[in-house]
Amino acid sequence: MKRVLIWVLSLWSVVGIGLSRSEGGLEELNAKERLLSFLEKDVVSPGANSLLVPLTLIQGAASKGAVCLDGTPPGYHLDRGFGSGSNSWLIQLEGGGWCNTIRSCVFRKTTRRGSSRFMEKQINFTGILSNKAEENPDFYNWNRVKLRYCDGASFAGEGQNEANQLYFRGQRIWSAAMDELMAKGMQNAEQALLSGCSAGGLASILHCDEFRDLFTGTTKVKCLSDAGMFLDATNVAGGHTLRDMYAGVVTLQGVQNNLPSTCTSQMPPTSCFFPQNLVANIKTPMFLLNAAYDSWQVQESLIPSSADPNGLWRDCKMDHAHCNSSQMQFLQDFRSQMLNAINDFSKSNQNGFFINSCFAHCQSERQDTWYENDSPRIGNKAIAVSVGDWFFDRMAVKDIDCPYPCDNTCHNLIFNDDVTSTITISESTSLTFTLLNLLSAFLITLTCSKCIMGGLSLTSE
């Protein structure tokens, strides 16, 4: 009987460890979701006088296999243009991170980032999507579209995982959405701008030339990537957090076949998911809008919790004002890496950029950073004006801010414990569930004339 008791107690100990690890992994996924929501808070929360635009699901997308991670149809929000903008189109690709493991993708499909079932039925159109001239001077009367992001691979995956009912169909979602919008009038566009924020900013880089190819030669087509310049940078522990994550995304979601052959013929697929290896070869005019100290990259790539187990960087990570001189130099080196990454890109006359020395992320969708009296500026020019000057060829725009802390127009992001608390991802919950089932089955079949449970023990005569 003693052997049986030891086996049960050992099994229970393993189950307890499994539960602890599972809860820890779930907490990290929840923390990442909170971070993304915090960065997007002014976009998804309706303002007092802002425009709310309803969600439209793409009918017939499922028949093309163009579905979200959970198999639900993808969607978009469209506000029709008017007046002089009736035949102009702006497509904004939503951002929201990536999923690089079965576990993270299974979690993601229980959120609006992996299922249209959980998407808001209407969202706020602010910043570059605003319909007010005083908020969005150059694009306010265009047909403005926000394409929702529910695949977890920057609209570039192709494949599925039947065992976990996961559909990696980002590329098909992109194609189905473009087909739908072309049918709704975009095929007659006189002007078109493909834009995107964060993971959507990476998607606008990946799909820029494809977007250009949708139109005839008479259509003016350009692309804008906001906070999409993700770098293959070294974290504070000497590792490559983002490279490791991207390797998982590319492999799990079958992204490699949808990456530009101009890159994959020379580099591994994972390297070709990094914009620094793509932007110089894009044929379509492109504008890069990025904070030199991008908040998401500082949080998740440069100083992830896994690289700072003793919390030496915690205060600096939460608020750049608390960084010591060596920590700030590390962040300055990251800025230098970003400027080096766009060096070849900058040589083309058709391209433009606005790299401000702020701790921010996604500045085109937020009204306070896009175009307001106190919005960020370089040379006294707001982001909205700079993007407009570039798109309409009013003047060349190649603006790089002086290093921190010289810019006092920044809207820097400060983080708190509720946003950033994370625990390292652990093993899948499937093992835990299996052990729990085994334990339950054993306890049900165990018969004894006297069973005592106390202090984690079972005894029987």
Side-chain angles (χ1 to χ4, degrees), residues 24-36 39 69 94-109 111 113-114 149-159 161 164 166 168 170 196-203 205-206 225 227-256 258-259 263-264 267-278 290 294-309 313 317 334 337-338 341 361-362 420 422-428:
L26 181 61
E27 172 55 27
E28 185 190 27
L29 294 171
N30 278 317
K32 290 181 182 295
E33 177 65 21
R34 288 196 299 272
L35 174 60
L36 290 170
L39 293 172
L69 281 171
E94 185 180 33
W98 307 270
C99 64
N100 62 322
T101 64
I102 292 295
R103 184 192 183 101
S104 61
C105 290
V106 167
F107 173 84
R108 189 182 180 96
K109 74 175 184 176
T111 74
R113 305 182 203 285
Y149 178 40
C150 64
D151 64 281
S154 290
F155 298 92
E158 176 55 52
N161 181 283
N164 293 280
L166 289 168
F168 307 127
C197 152
S198 193
L202 170 57
I205 292 171
L206 292 171
S225 173
M229 197 64 189
F230 295 97
L231 301 182
D232 186 9
T234 303
N235 65 34
V236 295
H240 291 85
T241 309
L242 199 52
R243 184 191 300 175
D244 294 341
M245 175 192 284
Y246 277 4
V249 175
V250 170
T251 301
L252 177 66
Q253 297 216 36
V255 173
Q256 56 266 33
N258 294 320
L259 295 171
C263 181
T264 55
M267 294 183 174
T270 298
S271 297
C272 297
F273 205 56
F274 280 101
Q276 67 197 69
N277 299 320
L278 301 173
N290 235 98
D294 181 86
S295 292
W296 187 93
Q297 293 188 69
V298 170
Q299 293 283 325
E300 295 293 314
S301 176
L302 300 183
I303 320 175
S305 298
S306 59
D308 183 37
W313 283 80
K317 174 179 178 177
F334 176 76
Q337 184 179 349
M338 182 170 293
H361 188 71
C362 287
T420 59
T422 60
I423 301 175
T424 304
I425 286 181
S426 59
E427 290 84 355
S428 171

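- A 4.5 Å side-chain heavy-atom check between Asp308 and Lys317 finds every atom pair outside the cut-off.
- In this structure, CG in Asn100 is found 9.0 Å from CG in Asp244, a value given to the nearest 0.5 Å.
- Between the CG atom in Leu69 and the OG1 atom in Thr111 there is a gap of 8.5 Å [rounded to 0.5 Å].
- Across all their heavy atoms, Ile205 and Pro275 have their closest contact at CD1-CB, 3.7 Å.
- Minimum interatomic distance between Ala153 and Trp98 (heavy atoms only, all atoms of both residues): CA-CD1, 4.0 Å.
- Using a 4.5 Å heavy-atom threshold, the side chains of Leu252 and Ile102 count as touching.
- One finds the CD atom of Gln297 at 8.5 Å from the OG atom of Ser198 (value rounded to the nearest 0.5 Å).
- Under the 4.5 Å side-chain criterion, counting only non-hydrogen atoms from C-beta, Asp232 is in contact with Gln276.
- Taking the six-membered ring where the residue is Trp, Phe274 and Tyr246 present tilted rings, their angle falling between 30° and 60°.
- Nearest heavy-atom pair across Ser154 and Ala203 is O-CB, 3.5 Å.
- When all heavy atoms of Ala307 and Val236 are compared, the closest pair comes out as O-CG2, 3.6 Å.
- The closest donor-acceptor contact from the side chain of Asn161 to the backbone of Leu166 lies at 3.5 Å or more, if one exists at all.
- Between Ser301 and Leu242, the closest heavy-atom pair is OG-CB, 3.7 Å.
- Side-chain contact between Phe334 and Leu231 is present, with at least one heavy-atom pair separated by less than 4.5 Å.
- Residue Met245 holds its CE atom at 6.5 Å from CD of Glu300, rounded to the nearest 0.5 Å.
- Proximity of Cys99 to Phe107: side-chain heavy atoms (C-beta onward) are nowhere separated by under 4.5 Å.
- A donor-acceptor contact shorter than 3.5 Å is absent between the side chain of Thr264 and the backbone of Pro269.
- Note that the CE atom of Met267 and the CG atom of Asn277 stand 4.0 Å from one another [nearest 0.5 Å].
- Between the CZ atom in Phe155 and the CG atom in Leu202 there is a gap of 11.0 Å [rounded to 0.5 Å].
- Between Gly152 and Gln253, the shortest heavy-atom contact is O-NE2, 3.1 Å.
- The shortest distance between side-chain heavy atoms of Phe273 and Leu206 falls below 4.5 Å.
- Relative to the ring axis of Tyr149, Arg108 places its NZ or CZ within 45° and under 6.0 Å from the centre.
- Exactly one of Leu302, Asn235, Thr234 qualifies for a side-chain contact (heavy atoms from CB on, under 4.5 Å) with Thr241. That residue is Asn235.
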